[in-house]
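Note: hydrogens, waters and symmetry copies are ignored here, and every other heavy atom, side chains too, is used. No experiment lies behind these values; they were computed from the predicted model shown.
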Amino acid sequence: QVQLVESGGGLVQPGGSLRLSCSTSGFTFGSHWMYWVRQAPGKGLEWVSAIAQNGVATYYSDSVRGRFTVSRDNTENTLFLEMRSLKPEDTAVYYCAKYGSFNPKAVLSNSNWGPGTQVTVST
C-alpha cells in the first residue's frame, strides 16, 4: 500500500553533485514529515535530513549541513535531496522515510522504508 521509491544515486567523484528523488504513494504525503537517512558500508543507519509537511522547516545532520538541501513537491508527492561537494564518507545507501512529526530517533526504528538508492563517492 505505502510505497517509497528512491532514485538518482550513482558513482561520482569527490566534489561532485547528485540529486536524489523519492516518489511516494499510498498515504497523505502532505500530512507527513519526510526524512532522508543513509547506511554506509559496515555502519548503522544515520539520519541525514528532515523536512516539515509544508516544506518551511528543514533540519540536517552536522555532517551534511551546508552541502545538502532537502525539498519537497506536495503536488507530485515527491521528496528531493540535492547533494553538493560530495565526500567519500557520503558513500552509502540512501533511503527516504515518513513520520508524523520531527523525531529522527523514532524514524530510524519505526518508519516505513523505500528500497534505497546507492551513492558512491570515489575516484
Side-chain angles (χ1 to χ4, degrees):
Q1 187 173 346
V2 174
Q3 293 187 330
L4 306 168
V5 182
E6 302 90 345
S7 63
L11 174 64
V12 298
Q13 296 185 20
S17 300
L18 281 175
R19 180 175 183 259
L20 305 184
S21 299
C22 174
S23 299
T24 76
S25 62
F27 68 100
T28 305
F29 181 80
S31 297
H32 287 78
W33 282 69
M34 295 299 297
Y35 294 78
W36 287 101
V37 302
R38 66 187 182 186
Q39 186 167 29
K43 305 291 185 179
L45 289 171
E46 177 190 14
W47 170 73
V48 174
S49 185
I51 184 169
Q53 294 97 324
N54 62 4
V56 173
T58 58
Y59 296 88
Y60 301 92
S61 66
D62 292 342
S63 62
V64 308
R65 188 177 299 109
R67 299 187 298 118
F68 291 9
T69 302
V70 64
S71 62
R72 64 193 295 163
D73 184 347
N74 286 357
T75 67
E76 298 292 335
N77 300 329
T78 303
L79 177 73
F80 302 98
L81 185 68
E82 296 278 358
M83 306 186 297
R84 308 182 307 277
S85 301
L86 285 162
K87 305 174 180 179
E89 51 263 45
D90 294 318
T91 296
V93 178
Y94 284 72
Y95 303 93
C96 64
K98 67 180 184 69
Y99 200 72
S101 63
F102 177 64
N103 194 330
K105 186 176 180 179
V107 166
L108 293 178
S109 59
N110 298 316
S111 292
N112 294 313
W113 301 97
T117 186
Q118 175 71 53
V119 172
T120 302
V121 185
S122 176
T123 57

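For the salt bridge (Lys or Arg N to Asp or Glu O under 4.0 Å) condition, the pairs that include at least one residue of residues 48-62, sequence neighbours left out, are Asp62-Arg65. Sorted by first and then second residue, the ring-ring contact (aromatic ring centres under 6.0 Å, His included) pairs involving residues 1-28 (not counting sequence neighbours) are Phe27-His32. The stretch residues 107-123 participates, sequence neighbours left out, in no salt bridge (Lys or Arg N to Asp or Glu O under 4.0 Å) pair at all. The list of disulfide bond (SG atoms under 2.5 Å apart) pairs with a residue in residues 49-81, not counting sequence neighbours, is empty. Listed by first and then second residue, the ring-ring contact (aromatic ring centres under 6.0 Å, His included) pairs involving residues 83-123 are Trp33-Phe102, Tyr59-Phe102, Tyr95-Trp113 (not counting sequence neighbours).
In terms of the side chain to side chain donor-acceptor pair (under 3.5 Å) criterion, Glu6 has no residue partners (sequence neighbours excluded). Gln39 is linked by a side chain to side chain donor-acceptor pair (under 3.5 Å) to nothing, counting only residues two or more places apart in sequence or in another chain. Remark: Gln118 engages Thr120 in a side chain to side chain donor-acceptor pair (under 3.5 Å) (not counting sequence neighbours). Taking Arg84 as the reference, nothing meets the salt bridge (Lys or Arg N to Asp or Glu O under 4.0 Å) condition, with sequence neighbours excluded. When the side chain to side chain contact (heavy atoms under 4.5 Å, CB included) test is applied to Asn54, the partners found at least two apart in sequence or on another chain are Ala52, Val56. Taking the side chain to side chain donor-acceptor pair (under 3.5 Å) definition, one finds that Asp90 meets it with Arg38, Arg67, sequence neighbours left out.
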Give the intermediate values and the outcome of side chain to side chain contact (heavy atoms under 4.5 Å, CB included) for residues Lys105 and Trp47. CA-CA 8 Å; Lys105 186 176 180 179; Trp47 170 73; over 6 Å; no
Evaluate side chain to side chain contact (heavy atoms under 4.5 Å, CB included) for Phe80 paired with Val70, printing each intermediate quantity in order. CA-CA 6 Å; Phe80 302 98; Val70 64; over 6 Å; no
Could you please spell out the steps behind the side chain to side chain contact (heavy atoms under 4.5 Å, CB included) verdict for Val37 and Glu46? CA-CA 6 Å; Val37 302; Glu46 177 190 14; over 6 Å; no
Does the pair Phe29 and Thr78 meet the rule for a side chain to side chain contact (heavy atoms under 4.5 Å, CB included), with working shown? CA-CA 8 Å; Phe29 181 80; Thr78 303; 5.7 Å; no
Report the C-alpha distance between Asp73 and Thr75 in whole Å, list the side-chain angles of each, state the deciding distance to 0.1 Å, and finish with yes or no for side-chain hydrogen bond (donor to acceptor under 3.5 Å, both in side chains). CA-CA 5 Å; Asp73 184 347; Thr75 67; 2.6 Å; yes
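The shortest heavy-atom contact between Thr117 and Gly9 is OG1-N, 3.0 Å. Annotation for Pro115 and Leu4: closest pair CD-O, 3.0 Å, computed over non-hydrogen atoms.
Using a 4.5 Å cut-off between side-chain heavy atoms of Ile, Leu, Val, Met, Phe, Trp and Tyr, with links allowed through other members, Leu81 and Tyr35 fall into different hydrophobic clusters. Residues Val107 and Val64 do not share a hydrophobic cluster, defined by chaining ILVMFWY side chains whose heavy atoms lie under 4.5 Å apart.
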List the atom pairs, with distances to 0.1 Å, where a side-chain N or O of residues 11-26 and a protein N or O form a donor-acceptor pair under 3.5 Å, not counting sequence neighbours.
| from | atom 1 | to | atom 2 | distance (Å) |
| --- | --- | --- | --- | --- |
| Arg19 | NE | Glu82 | OE2 | 3.0 |
| Thr24 | OG1 | Asn77 | O | 2.8 |
| Ser25 | OG | Gln3 | OE1 | 3.3 |

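In this structure, Asn74 contributes its side chain and Gln53 its backbone to a donor-acceptor pair below 3.5 Å.
Atom-to-atom distance recorded for Ser109:OG and Asn103:CG is 8.0 Å, nearest 0.5 angstrom.
Annotation: side chain of Trp36 is in contact with side chain of Leu79 (closest heavy-atom distance under 4.5 Å).
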